[in-house]
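Inspection log for the structure reproduced underneath, given as structure tokens.
The chains referred to below are lettered A, B, ... by the order of the sequence lines, with proteins before strands, and numbering in each begins at 1.
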2 protein chains.
Amino acid sequence: MTASDRSSQQPASRRIADALRASIERGELEAGQKLPSERALAEQYGAARNTAREAIRLLAEQGLVTAKQGRGVFVREPQRLFRFGSDRYSIANRETGLTPFRLEAKKQGKVPRIDVLSITREVPPSDVAERLQVPADSESVVHRENHYFADDEPVQIVSTYLRWEEAEGTLLMQAKSGPNGIYGRLEELGHVMTRVRDEISARMPSPEEARVLDLLPGVPVLEVLHTSLDQNSEPFEVSRYVHRADQTGLLYELPVS
Amino acid sequence: MTASDRSSQQPASRRIADALRASIERGELEAGQKLPSERALAEQYGAARNTAREAIRLLAEQGLVTAKQGRGVFVREPQRLFRFGSDRYSIANRETGLTPFRLEAKKQGKVPRIDVLSITREVPPSDVAERLQVPADSESVVHRENHYFADDEPVQIVSTYLRWEEAEGTLLMQAKSGPNGIYGRLEELGHVMTRVRDEISARMPSPEEARVLDLLPGVPVLEVLHTSLDQNSEPFEVSRYVHRADQTGLLYELPVS
DNA sequence: AAGTGGTCTAGACCACAGC
DNA sequence: CTGTGGTCTAGACCACTTG
């Protein structure tokens, strides 16, 4: 028993939203189906159109429905999750020659694409500087920004930060960084990835992120701040992953001491 | 350079929102400070109050500002994160006699509280049944629902599922489950926690979750579906954690094979 | 009492979908 | 052309907070 019988006392927009939500949960309105139009809802409940509109907004904020201009409001389809596991850092996967993203995409029968947006020398953000142990007040890092797509749909934004002193003049400054990607080059520089630290948070996207990831209202992002540690427990690479949360999950499997 | 000079062409509500966002990012409006009232904004921009209101809603959806009835709209304060690490499952922590949550709370100088809401025999949700390897069509599990607080502020909802056949008649059915909590009892039943699998996703809260966690609009939740595996790689416990994302982060530190 | 956000009304014009 | 959501106006009353 949640909430149902306080029909009075509630704002009209809430009551309309609750009725629609109940319809969806009972399966009367199935995924992909169209809701009554705003004008129809308003008439049906004896309210103004703005009130019906407010009800629909409440549902959209929860990610339950999606409005499409000129067409109508539809019950959102459950999305299959694109899953990123802790084994994405595993060396075993490295031997296939495919990056973890390409592997996962193949598994789901989708066509992966990675756009390299920029590779520039920069002043690092403070959280990155702290974790990579470099100065936050000089151009101490190389920033590689990539966008990942599956079947031309954007999935994640990845910003990778490397020490400028190490990357200068190497393939780490090139879009095509050679066999096994940047981790291959970093290994040649003497950094064997031994441990990783992933710090995970969730938040609503910035307008810029919503645009790049093509996010509908009511969809949050998952942010992973990843640090790679080498055989000497020295951090040698930090990446910020921004995933769209409606199509992405994370999987961590680990031993317990 | 993001977007600034397309002042025309943009809806008025967007322009007002962008102007306010810029003010906040430039630091003219600091965290905790009050925005101009909706009526003042409307007059200032020569728009109707509803239009100014829409602008504020855009900012609230991103979690940038918070409206307080009768008082005003305020720039949201950055929250300190309550951090849950992968070491929360570690045996080392078990020896302190404190659960990981109590430990973390102590570290931050907050007073922890755990409410046991219910302990009931139930039909498991399908995702839980699959992971615990029990039938999804009979009352095969015990469901323990707990709410966690720090300084009386809700932090997370935890639903733990155990096999009914193992829990029946034991302390696992009691609110106070004895030394080292339920993991202590499960160890006595022959389950040594050897590996864990955490599946992480983010989404907007249901109305029920928003109520329990006292969530402001524009704050998503982090959901962790946790499976404990014993020395035989058998799953013996599944929990669903629902964290408020504005005050919670997750930390995973793991070796790379 | 005055000011604030929360909700609502009854209109209006626009841009986009689909027939 | 018609129906849809997107945006906007100019009012109104309510509930809450503060002086």
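- Counting heavy atoms from C-beta outward, Glu61(A) and Glu61(B) have side chains that approach closer than 4.5 Å.
- Paired with Ser159(A) under the rule side-chain hydrogen bond (donor to acceptor under 3.5 Å, both in side chains), one option of Glu145(A), His143(A), Arg240(A) passes, and it is His143(A).
- Rounding to whole angstrom units, CD of residue Glu43(B) and C1' of dT4(C) are separated by 16 Å.
- OP1 or OP2 of dG6(D) has at least one side-chain nitrogen or oxygen of Arg53(A) nearer than 4.0 Å.
- The separation between Leu58(B) atom CG and dG6(D) atom C1' is 12 Å, rounded to whole Å.
- Toward the 5' end of DNA chain D, the nearer of the two residues Arg39(B) and Gly46(B), judged by each one's closest nucleotide, is Gly46(B).
- Pair assignment for dA17(C) gives none, since no Watson-Crick or G-U wobble pairing has each distance under 3.5 Å.
- Ranking dC16(D), dC8(D), dA15(C) by closeness to the Gln69(B) side chain, first place goes to dC16(D).
- Which of dT9(D), dT9(C), dG5(D) sits closest to the side chain of Ala67(A) comes down to dG5(D).
- Contact between the side-chain N/O atoms of Arg71(B) and the OP1/OP2 oxygens of dT18(D) is found at a separation under 4.0 Å.
- Between Lys68(A) and Asn50(A), it is Lys68(A) whose nearest contact on DNA chain D lies nearer the 5' terminus.
- Between Arg144(B) and Glu122(B) there is no salt bridge, since no side-chain nitrogen of the basic residue lies less than 4.0 Å from a carboxylate oxygen of the acidic one.
- Atom P of nucleotide dG18(C) and atom NZ of Lys34(A) are separated by 12 Å, given to the nearest angstrom.
- Look at CG on Leu41(A): it is 13 Å from P on dT9(C), rounded to the nearest Å.
- For Pro36(B) and Gly70(A), each mapped to the nucleotide of DNA chain C holding its nearest heavy atom, the one lying further toward the 5' end belongs to Pro36(B).
- Considering Gln156(A), Lys110(A), Arg113(A) in turn, Arg113(A) is the only one that fulfils the side-chain contact (heavy atoms from CB on, under 4.5 Å) rule with Phe149(A).
- Counting only N and O atoms by type, the side chains of Ser206(B) and Glu208(B) include no donor and acceptor under 3.5 Å apart.
- Whole-Å rounding puts the Ile56(B) CD1 to dT7(C) P distance at 14 Å.
- One atom, CG of Leu216(A), and another, P of dG6(D), lie 12 Å apart when rounded to the nearest Å.
- If you check distances only, the side chain of Arg57(B) never reaches the base of dG5(C) with a donor-acceptor pair under 3.5 Å.
- To the nearest angstrom, P of dC8(C) lies 11 Å from CZ of Arg14(A).
- Donor-acceptor pairing under 3.5 Å, judged by distance alone, is present between the side chain of Arg49(A) and the base of dG6(D).
- Distances shorter than 4.0 Å separate none of the side-chain N or O atoms of Ser13(A) from OP1 or OP2 on dT7(C).
- As rounded to whole Å, 8 Å separates atom P of dC8(C) from atom CD1 of Ile16(A).
- Comparing atom distances between the Pro11(B) side chain and each of dT9(C), dG6(D), dT7(D) picks out dT7(D) as nearest.
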